[in-house]
**Q** 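I'd like to ask you about the structure that follows.
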There are 2 protein chains.
Amino acid sequence: MHIMRIEDEIKQPVFKDEYQKGYINLIYTAGWLQQQQAAAFREFDLTLPQFNILRILRGQHPKPATVNLLIERMLDKTSNASRIVDKLEAKGLVTRTVCPSNRRAVDIRITEAALELLLRMDTEVLSKQHNLQTLTVEEAVQLNALLDKIRD
Amino acid sequence: MHIMRIEDEIKQPVFKDEYQKGYINLIYTAGWLQQQQAAAFREFDLTLPQFNILRILRGQHPKPATVNLLIERMLDKTSNASRIVDKLEAKGLVTRTVCPSNRRAVDIRITEAALELLLRMDTEVLSKQHNLQTLTVEEAVQLNALLDKIRD
DNA sequence: CGACATTAAATGTATGTACATATATTTGCA
DNA sequence: TGCAAATATATGTACATACATTTAATGTCG
């Protein structure tokens, strides 16, 4: 049993109560998970938000997505999908065309190159994604219930 | 019972398993909590990382802290404490002086103005910090145990 | 029809994150 | 002593976040 408690991770010996500890613990653990993932993406020259947008586009494929749809499905709704798409377009991973039926909107499509890239990444990334596998299924269910309740 | 499940929040109807759902849920909830806090800080012209550094400095007061000590205690250890201190110095909330006993290091001290600011913020911020209060104490304990286990 | 609000996306600006590199000081040891 | 390694911080660059503002297209209602 070599679990590292949050107290030790950030060298703060005492929390006011379990709520404050939970708050810090949640932020810290989420950041920790994201860094694990980001490291796996670096060798494919993708950042985490870029990867997430590509996954949404693959889910839509072969239908296009608009910027609005990307924002709706993104975890961080206030981030700037438009500029992340810029970077993906520059790498040839997505295309942008004005939507014919609504010229305010932009149809964004994933390219073949990006689909192949995702395919190569799938196995590699999945193997590293499962830090949560340290939990039993029951514990994972419990975690989801607690998190949903926090945002109530 | 109007708990909003993560499936609905990001409009993704199906997850592969409870682990994948837990991963997404954790990242999403942490971001949600941080935004709640950031909104409370905005009226005081502080960002969340700036506030966190001020709190660490208050904990040290009247002893100074070095950049190294700030990094040790920060939640995000790879971020750039030096530049956050820049911003705080520009606002007159901290002072920087070369450490006499080790001229490589910098003694960072919180100013009276910052101590007063934190005092004004304490009540305001605490009232908004406790989104986790939707949990019972037992649930908060459970959450902490699960999070520690994930990082094992 | 035409002014006005609404919607979709892009842009501007300040801040922070992530990582590599630079600069200065101190330490260790041949 | 002197020189390489280690330490403490700062700086450079690319990217993302947060929020306000702008631009263009569409809807609506008098």
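In the text below, chain A, chain B and the rest are named by the order of the sequence lines, each starting its count at 1.
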**Q** Main chain of B/T134, side chain of A/Y19: is a donor-acceptor contact present, judged purely on distance under 3.5 Å?
**A** no
**Q** Does a salt bridge link B/D122 with B/R58, judged by any charged N lying under 4.0 Å from a carboxylate O?
**A** yes
**Q** Which pair of non-hydrogen atoms, one from B/A113 and one from B/G92, has the smallest distance, and what is that distance?
**A** CB-O, 4.3 Å
**Q** Check if the side chain of A/R104 and the base of C/dT7 share a donor-acceptor pair of N or O atoms closer than 3.5 Å.
**A** yes
**Q** Got a sec, which pairs hit ring pair (Phe, Tyr, Trp, His ring centres under 6.0 Å) with one end in residues 84-107 of chain A, sequence neighbours left out?
**A** none
**Q** To the nearest angstrom, how far is B/L69 atom CG from D/dT9 atom P?
**A** 9 Å
**Q** What residues in residues 84-101 of chain A put a non-hydrogen atom under 4.0 Å from any atom of DNA chain C?
**A** A/R96
**Q** B/L46 has an atom CG; how far is it from atom C1' of D/dA18, in whole Å?
**A** 16 Å
**Q** So does A/Q35 get a side-chain nitrogen or oxygen closer than 4.0 Å to the phosphate oxygens (OP1/OP2) of C/dT17?
**A** no
**Q** I need the single residue from A/L93, A/I56, A/L54 that forms a side chain to side chain contact (heavy atoms under 4.5 Å, CB included) with A/I110. Which is it?
**A** A/L54
**Q** Rounded to whole angstroms, how far apart are CZ on B/R83 and P on D/dA8?
**A** 19 Å
**Q** Please tell me which of the listed nucleotides, D/dA16, D/dT9, D/dT26, lies nearest to the side chain of B/S82?
**A** D/dT9
**Q** From C-beta outward on A/V67, which listed nucleotide comes closest to its side chain: C/dA10, D/dT17, D/dT9?
**A** C/dA10
**Q** Does a salt bridge link B/K63 with B/D107, judged by any charged N lying under 4.0 Å from a carboxylate O?
**A** no
**Q** Does one side chain, of A/R151 or B/N25, offer a donor that lies under 3.5 Å from an acceptor on the other?
**A** yes
**Q** To the nearest Å, how far apart are A/I53 CD1 and D/dA16 C1'?
**A** 11 Å
**Q** Can you check the B/E72 CD to D/dT7 P distance for me, whole Å?
**A** 13 Å
**Q** Strictly below 4.0 Å: does B/T47 bring a side-chain N or O up to OP1 or OP2 of C/dG16?
**A** yes
**Q** Which comes earlier along DNA chain C counting from the 5' end, the contact point of A/A81 or that of B/N80, where each point is its nearest nucleotide?
**A** A/A81
**Q** Measuring from the side chain of B/R103 (C-beta onward, heavy atoms only), which nucleotide among D/dC15, C/dT15, C/dT26 has the closest atom?
**A** C/dT26
**Q** In this structure, how many angstroms lie between the P atom of D/dT9 and the CE atom of B/M74, rounded?
**A** 13 Å
**Q** Quick one: are B/F41 and B/M121 in side-chain contact, heavy atoms under 4.5 Å?
**A** yes
**Q** Rounded to the Å, how far apart are A/I71 CD1 and D/dA18 P?
**A** 13 Å
**Q** So does B/Q34 get a side-chain nitrogen or oxygen closer than 4.0 Å to the phosphate oxygens (OP1/OP2) of D/dA18?
**A** no
**Q** Choose from C/dT15, D/dA18, D/dC15 the nucleotide whose nearest atom is closest to any side-chain atom of B/Q50.
**A** C/dT15
**Q** In whole Å, what is the span from the CD1 atom of B/I108 to the P atom of D/dA8?
**A** 13 Å
**Q** Name the nucleic acid region contacted by A/N68, choosing base, sugar-phosphate or nothing; use a 4.0 angstrom heavy-atom cut-off, strictly under.
**A** sugar-phosphate
